[in-house]
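Please read the structure below before turning to the comments.
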Amino acid sequence: MNLISALILTAASSQAGNALDVETEDFLRETIINAVPIERTPATFPRRAAERGQEGWVQLSYVVNEKGEVESAVVEKSSGIQSFEKAALSAVKKWQFKPALQNGKPIKQCKNQIQMDFQLNNGPKGVSRRFLSRYKSLVAKVENNDLEGVPSKLEELRALNLGNFTEDSYFWALVSRYHLKAGNEFDELEALDNLVHRGKKYLNKEMYVGSVARATLLNLKHNRLKNAIRYFDILSEIEGAEDVTKQVLPYIDKVHAFIEDDNKQIWVQGQISDKDLWQHELVRNAFTISNIEGDLTSLEVRCSNQYSVYDVQQGLQWNIPKEWRGCRVYIHGKEGASFNLIETAKSEIKA
C-alpha cells in the first residue's frame with residue numbers, strides 16, 4: 001500500500017499550476033449516422049514472418065472520408081514487427097464503407113480503431129531453445145542488478161525475430177523488468193502496454209496480474225487517467241486478483257473525483273516516438289499545449305465524427321462538446337520532441 005500511496009501522491013502533486021491565459025476554439029455540434037463497412041479485406045500474412053513462425057498484432061486509427069474511403073491511417077501501437085505494420089496499413093487503406101451521414105449528406109467519420117492479430121493456426125505455442133537460453137541469462141542479470149550491457153542484449157534478442165505470442169509476451173516482461181530496475185518509467189510503461197495487450201494467455205497468472213497492477217499505477221502517476229481506468233477494468237476481471245483489485249479501487253475512485261474537479265488541471269508529459277507520433281485519450285473536454293521543446297508539425301483531434309488538423313499553437317485552448325466522447329489527440333513531430341498536454345476545465349460557451 002505504501003507504493004500505491006506514493007504513486008498517487010506524486011500524480012496529485014503534479015497538478016499544481018497557475019491558470020493558463022488561453023484563447024478558445026469551439027467545435028460545432030453534429031448528429032451523425034455512422035459509416036457502414038462494405039468491404040474489409042483481411043491483411044495478408046507476410047510470407048517471411050510465417051516462415052519464421054512469427055506472430056504479432058497491430059492497432060490502427062483511421063478516418064473514413066465522404067466517399068467511404070480510408071484516409072489518415074496511422075499505427076498507434078504494435079508488437080514491434082515492421083512487416084505486420086506494413087501489412088495492416090496496406091489492408092486498411094483498401095477498405096470501403098458507406099460514408100457516415102449528417103442530414104443525408106456524406107461526411108467524414110473520424111474516430112475508427114481496429115486491432116489486427118497475425119496468428120498462425122498451427123504455429124508453435126511455447127518458446128524456442130534459442131530464445132529460452134538468452135532469456136534466462138538476461139533475467140539473471142536484471143534480477144542481480146547487473147544492468148550494464150542489458151539494452152544491447154535486449155536488442156540482440158529482439159533481432160532474433162521473435163516468433164509466437166509466447167516469446168513476445170516474455171520478451172516484454174523482461175524489458176519492463178529491466179526498465180523498472182533502471183528507473184525508466186516511461187519505457188517501462190511502454191513495455192507493459194505491449195505485455196498486457198497479449199500476455200494473459202501466455203504468462204503465468206501472478207506475473208500477468210503484477211504487470212497489469214503496475215501498469216495501472218504508472219498510468220495514474222503520469223496522469224494517463226483513461227489508460228489507468230482501462231487497466232483497472234482489466235485487473236478487476238481477472239479471477240484470483242480480487243485482493244489486488246481491492247487495494248487499487250479507492251485510488252480509482254479518487255481519480256474519477258479528480259477528473260470532475262474543474263479546479264484541477266491534468267498535466268500529461270508528451271514525447272514524440274520513433275513513429276513520429278504521440279497520442280493521448282482525453283478524460284476532459286478541453287486541453288492546451290505548453291512547454292514545447294523540439295519540432296511539432298501538426299495536431300489532430302479525432303472524436304467519433306469530427307476530424308480536425310491544426311498547427312500546434314502553444315497557449316491555444318481546444319474546447320470539445322460534451323456529447324463527443326472518447327476523443328483522442330494525435331500530435332505529429334520529430335522523434336524526441338517533448339511538450340505538456342494540459343487537460344483543463346472547459347470555457348463556457350455563450351449563446
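Here the structure is a predicted model, which is why all the values come from computation and not from measurement.
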**Asked** Would a distance-only check, ignoring hydrogens and angles, find a side-chain to backbone donor-acceptor pair under 3.5 Å from K67 to Q96?
**Response** no
Contacts of [X] that satisfy side-chain hydrogen bond (donor to acceptor under 3.5 Å, both in side chains) - sequence neighbours left out:
X: N184; answer: H179
X: E293; answer: none
X: E66; answer: none
X: E155; answer: none

**Message:** Using the ring pair (Phe, Tyr, Trp, His ring centres under 6.0 Å) criterion, which residues pair with Y170? Sequence neighbours excluded.
**Reply:** Y135
**Item:** Candidate pair S78 and Q59, rule side-chain hydrogen bond (donor to acceptor under 3.5 Å, both in side chains), full reasoning
**Value:** CA-CA 6 Å; S78 79; Q59 292 179 345; over 6 Å; no
Residues that [X] engages under salt bridge (charged side-chain N to carboxylate O under 4.0 Å, His left out), provided they are two or more places apart:
X: R284; answer: none
X: D117; answer: R198
X: E71; answer: K108
X: K141; answer: D146

**Prompt:** For Y330, what are the other residues in its hydrophobic cluster, where any two members join if their side-chain heavy atoms are less than 4.5 angstrom apart?
**Reply:** V74, L277
Residues 188-196 side chain polar contacts: donor-acceptor under 3.5 Å, at least two apart:
{"from": "E188", "atom 1": "OE1", "to": "R214", "atom 2": "NH2", "distance (Å)": "3.1"}
{"from": "E188", "atom 1": "OE2", "to": "R214", "atom 2": "NE", "distance (Å)": "2.7"}
{"from": "D193", "atom 1": "OD1", "to": "Y231", "atom 2": "OH", "distance (Å)": "2.4"}

**Asked** Ring centroid separation for F165 and W57, is it under 6.0 angstrom?
**Response** no
**Asked** Restricting to pairs with a member in residues 79-97, which pass salt bridge (Lys or Arg N to Asp or Glu O under 4.0 Å), not counting sequence neighbours?
**Response** E85-K275
